[in-house]
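Working notes, beginning with the structure itself.
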Amino acid sequence: MKIIMYSVLPEEKPYVEAWSKKTGNEVTMLDVSLSTETVDLAKGYDGIDIQQTTNVHEPVVYEKLASFGLKQLTARMVGFEIINLQAATDNGLTVTNIAAYSPRAIAELGVTQAMRLIRQLGYFDQRMAEGNFLWHGMISQEIHNLTVGIIGAGHIGGASAQIYTALGAKVLAVDPSYNVELEPYLEYTDLDTVLTQSDIVSIHTPLQDDTVNIINADTLAKMKSTAYFINMARGGLVDTPALIKALQNHEIAGAALDTLADETEFFEQQVDPATVPDDYKTLKAMPNVMITPHSAFFTNTAIRNIVEIGLNDVVTLVNGGKSRNALN
Ligand code: NAD
């Protein structure tokens, strides 16, 4: 079968080539993302596999894909808000995502950043760059004495809880769905308890109507002034101006962010540093804030899984089978 793959990263190519050789399917790899301008490139293919942060909401894209005889649209990513599911359904396209390609990848960056925060490494980096090699005033904490609060104990929140437990921390969690398998690693409680009791609050919910700005002036005010906030999930979960205010007013001790509400303007791009949004500039200048450019997922294990799960789904759906990753 012939498959077209949009926005292929250089790091994905060897895994795509290996999969193609192993399965005998032909894969054409493109650098561009799917859009009204590039949809025609999918003509003549049996299957399509995309990965991108830019929206593809125009119904015409789905109409064209259906007119080319395509039956599916595989998104090799977790979040699928960039896709117009209704338009896909209306045009008979089954959409799949990859709900869990390596939860550990994201969990491990969150824990890494939490460890950097509790050891005050941003402040030490700043001091040392200024020739200040004193440690006075920079006393740190040890993770095994701390309480970690997980908001959203799904794939990534659950993996984070397992790591924090292994490091000896106490883990609290809030999640409307109860997972008995996580019992050894966390204690379920409510949001207020997570916010008020935790030394590290790590959010891992999806971005949906009831979670937009779930971290806001009110919820930040409930956190300990010594607590750190970790967001490896979605920027829209956080009211960024409120977070900046809480940091400036020492209402919380620091934050690690892999996602920002306005990240599509500059993450995954090479830009003139002068043009980045002001919120980012303000946060980046704070030694108690760690920012990464939505790179938590970017490990070799995750990339291999993303490629293989996505392409296997394409084959399954094109052959008329069902995928457990189907969204419609
Ligand atoms: P998941 O669906 O496995 O888990 C999400 C959990 O949040 C579920 O258990 C759900 O019940 C819970 N939840 C929903 N609403 C809630 C609420 N109001 N309060 C508390 N819990 C709530 O998702 P996941 O795969 O663990 O992904 C978590 C987040 O990480 C998502 O936002 C996803 O988009 C993001 N993500 C980020 C990266 C990255 O590179 N930074 C990569 C993958 C995923």
Side-chain angles (χ1 to χ4, degrees), residues 7 9 11-12 51-53 55 75-83 96-114 148-164 171-183 185-195 198 201-216 218-219 222 229-239 255-261 263-264 267-268 290-303 305-306 309-310 324-325 327:
S7 316
L9 303 169
E11 290 82 357
E12 289 181 305
Q51 187 271 124
Q52 59 198 65
T53 51
N55 289 331
R76 52 183 198 288
M77 52 208 191
V78 177
F80 51 88
E81 60 273 6
I82 59 121
I83 292 175
T96 55
N97 72 335
I98 302 181
Y101 43 77
S102 181
R104 280 290 296 234
I106 297 96
E108 287 188 11
L109 183 65
V111 175
T112 300
Q113 298 292 56
V148 179
I150 305 280
I151 305 175
H155 291 103
I156 298 168
S160 305
Q162 293 190 26
I163 301 171
Y164 282 118
V171 182
L172 302 174
V174 55
D175 193 309
S177 102
Y178 186 91
N179 181 354
V180 70
E181 287 174 17
L182 291 176
E183 276 181 359
Y185 311 110
L186 53 79
E187 191 185 307
Y188 283 105
T189 179
D190 52 68
L191 181 60
D192 269 11
T193 308
V194 161
L195 292 169
S198 302
V201 173
S202 193
I203 189 160
H204 303 282
T205 66
L207 181 60
Q208 53 200 21
D209 289 347
D210 68 322
T211 59
V212 171
N213 286 352
I214 191 173
I215 300 301
N216 52 46
D218 290 343
T219 43
K222 290 180 181 169
F229 171 64
I230 314 289
N231 181 14
M232 300 284 126
R234 282 291 179 268
L237 298 169
V238 182
D239 176 345
L257 312 167
D258 189 51
T259 58
L260 293 168
E263 69 182 49
T264 51
F267 277 11
E268 262 193 279
M290 309 275 157
I291 305 185
T292 42
H294 209 135
S295 54
F297 79 100
F298 202 45
T299 67
N300 53 0
T301 304
I303 294 299
N305 291 347
I306 286 169
I309 296 169
R324 65 191 177 112
N325 296 318
L327 299 168

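As the structure is a prediction and not an experimental result, all values here were calculated from the model. Counting convention: from 1, in listed order, for ligands and their atoms alike.
- By the criterion of a heavy-atom distance under 4.0 Å, the side chain of Val78, and not its backbone, is placed next to ligand 1.
- Contact annotation for atom 23 (O) of ligand 1: protein absent (non-hydrogen atoms, distance under 4.0 Å).
- By the criterion of a heavy-atom distance under 4.0 Å, the backbone of Ala99, and not its side chain, is placed next to ligand 1.
- Within the 4.0 Å cut-off (strictly below), no protein heavy atom is located near atom 2 (O) of ligand 1.
- Where the criterion is an N or O separation shorter than 3.5 Å, residue side chain and backbone included, Gly79 fails it with respect to ligand 1.
- At a 3.5 angstrom cut-off on N or O pairs, Thr211 does not count as close to ligand 1.
- For Tyr101, every heavy-atom contact with ligand 1 shorter than 4.0 Å involves the side chain, none the backbone.
- Under 4.0 angstrom from ligand 1, the non-hydrogen atoms of His155 come from both its backbone and its side chain.
- Counting heavy atoms closer than 4.0 Å to ligand 1, residue Gln208 contributes side-chain atoms (C-beta onward) but none from N, CA, C or O.
- Which of Asp209, Asp175, Val174, Ile98 comes nearest to atom 6 (C) of ligand 1 through a heavy atom is settled by distance: it is Asp175.
- Looking at Ile151, Ile106, Thr259, Asn97 and measuring to atom 38 (C) of ligand 1, the nearest heavy atom belongs to Ile106.
- Nearest-heavy-atom check against atom 18 (N) of ligand 1 across Thr205, Leu182, Asp210 picks out Asp210.
- Under a cut-off of 6.0 angstrom, the local environment of CD in Glu183 is crowded, with over 12 non-hydrogen atoms contributed by other residues, nucleotides or ligands.
- Taking Glu81 as the reference, Arg234 meet the salt bridge (Lys or Arg N to Asp or Glu O under 4.0 Å) condition, with sequence neighbours excluded.
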